[in-house]
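This is a predicted model, so every value here is computed, not measured. Each chain gets a letter, A, B and so on, in the order the sequences are listed, and its residues count up from 1.
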Amino acid sequence: MNTQVRIQANNVSFTYEDAPSPALSQVEFEVREGEFIAVLGHNGSGKSTLAKLLNALYLPTEGRILVCGFDTGKEENIWEVRRRAGMIFQNPDNQIVATVVKEDVAFGLENLGVPTEEMYPRVESALSAVQMNRYADSAPHLLSGGQKQRVAVAGILAMEPSVIIADEATAMLDPSGRREVLETVRSLNRNKGITVVWITHFMEEAAQADRILVVSDGKIVVSGTPREVFEDIDRIRDLHLDVPRMTALAAELRKEGMPLREGILTVEEMAEEVERLCPLKSAT
Amino acid sequence: MSIEVRHLTHTYGEGSVLKTVALDDISFTVEPGEFVGIVGHTGSGKSTLVQHLNGLLKPTSGQILIDGQDLNGEKVDRRALRQRIGLVFQYPEYQLFEETVAKDIAFGPKNQGLPADEIDRRVRKAMESVHLDYGKYAEKSPFELSGGQMRRAAIAGVLAMEPEVLILDEPTAGLDPRGRDRILTMLEELRAREHTTILMVSHSMEDMARLASRLLVICEGKLAADGSPRELFSRPGLMSSVGLDIPEAARLCAVLRAKGYDLPADLYRPEELREHLLRLWKEASAC
């Protein structure tokens, strides 16, 4: 197997007990080392089910998932899979177990039986990586939502994972909290090469990914770069999703005849295009 | 119905070492028919504020006047006043509990002691308001609904009380884009049809740009700004100084103005910006 592939899903289906139809059916994709993948999909589309499969919280009813080469369906692999693919959930208050930040970060290591003297430096460097080292001795309940999520990220980092899976990790945060958590994970992706699977309802977050997978009715229906995926606005809206605001504005302007280039996602890109098409007359 | 907040201060843990001033001398008046957006970062005091507006919390000092009557006054019928002010909490679907959607929505009116035919009328109307088809969903268990539908069923339970003022604490949090849009459309219709006064707490400045006629900005328990979205979004640095964003359209307007483009300073809606960008393009193409 290619060592560059971090996650490989082969023909994966999953049906909840007693459910009349599968939550995921015949899903096929791979994620390569260092990629930042966003997963979009409406409520109930199956994207959280997918996340839980990647971390062996659920096992495929059919097909196979390999995480760093380990088959999640084999019981002896479960701890290998979970150590390599760490997961952050939506609610910051549901994933903190200890009463002191550094103990919370050490929780996973304790479960793995890491010796105490090795634990300290790993916890410290994990907290530094998310810029929470100042709070090592604080009580988690006094932190903001964004800070709690960063502590959750540190707890995963201490395990030295290859992949971080975030299941709507910013949904309950305010704009500055959302920014700080996304920035933290993006910098881990860039600087440490950690592969990221980022599940979100925020199109502006997905626009920053290398690649987007869109899940609908348990299937992957669209896959591509943000520019490719958001270009087909009607398709995306049919899937109960939306496109970034600047992409929508650009499409409306193009309808009126303004020849803006395809693939505009951000305010900065829109401003550049306006400058190109409507050059300012110099003051002289 | 008007709501007047006068010098409202709320302190948690008064007399203990954990004493925290959550709200500090807040005053404003909401007139009938307004759509007021309440914004501020997590922990700024927004939720504490809205819980005062229907009497769930009592001010440490200051007053809440509903049509001139002190909500916490001694001789006031607080129950009657409260029924005129509906409060939708964060993640209200967690409070669904009945066997069927219709029974859940009927819970409030039933407690008000209304006759059965009136309860039935209200349940049907509330479901229509939130775009849940009565024939299809009334007899379903609320737990069979999708996340967005559950949220709307929970809001219907508050609408069935026919409040004159509706207060919602982050009604779109956690929903997908279609679910968010449905809630916002429903609020627009409610305001147009019933003239319900609406106060909404939200982190989404895009939602505020679409709906709010006025914004209250709360920062560290104080009222940091009170004005129209047009005024506040165009005031340089105001929103970022309290940890909030401005809508992308307002940001694009600011970026282009800084480069020297001739645009009004206070554009914040995509449709306004579209007109001005077309104008700039036509002017540039003309010469």
Find the one option among [options] whose heavy-atom pairs under 4.5 Å with chain B are most numerous.
options                                : value
A:Glu256, A:Met258, A:His42            : A:Met258
A:Leu277, A:Leu253, A:Thr170, A:Thr266 : A:Leu253
A:Gly145, A:Ala171, A:Pro175, A:Ser176 : A:Pro175
A:Leu241, A:Leu40, A:Thr200            : A:Leu241
A:Glu168, A:Gln90, A:Met172            : A:Met172
A:Met246, A:Glu268, A:Met203, A:Arg178 : A:Met246

Check the surroundings of atom [atom1] in [X]: do more than 12 heavy atoms from other residues, nucleotides or ligands lie under 6.0 Å from it?
X        : atom1 : answer
A:Asp217 : CG    : no
B:Glu189 : CD    : yes
A:Gln131 : CD    : no

Determine whether [X] and [Y] make a side-chain contact, defined as any pair of heavy atoms from C-beta on separated by less than 4.5 Å.
X        : Y        : answer
B:Arg180 : A:His201 : yes
B:Glu206 : A:Arg245 : yes
B:Glu283 : A:Cys278 : no

Donor on one side chain, acceptor on other, B:Thr42 and A:Asp174, under 3.5 Å:
yes
Distance, nearest 0.5 Å, that separates [atom1] of [X] from [atom2] of [Y]:
X        : Y        : atom1 : atom2 : answer
A:Asn43  : B:Leu145 : CG    : CG    : 12.5 Å
A:Leu249 : B:Arg274 : CG    : CZ    : 8.0 Å
B:Tyr91  : A:Asn91  : OH    : CG    : 7.5 Å

Using heavy-atom distances under 4.5 Å, tell me whether A:Glu275 contacts chain B through its side chain, its backbone, both, or neither.
both
Residue part contacting chain B, namely of A:Arg237, when any heavy atom lies under 4.5 Å
backbone
Looking only at heavy atoms, which two atoms of B:Ala284 and A:Pro279 are closest? And how far apart?
CB-CD, 4.4 Å
So, for B:His203 and A:Leu173, which heavy atoms are closest and what is the spacing to 0.1 Å?
CD2-O, 3.9 Å
Considering heavy atoms only, which positions within residues 245-263 of chain B lie below 4.5 Å of chain A?
B:Asp245, B:Glu248, B:Ala249, B:Arg251, B:Leu252, B:Val255, B:Leu256, B:Lys259, B:Gly260, B:Tyr261
Contacts of residues 216-228 of chain B with chain A (heavy atom under 4.5 Å):
none
Backbone of B:Pro177 reached by a side-chain donor or acceptor of A:Asp242 within 3.5 Å
no
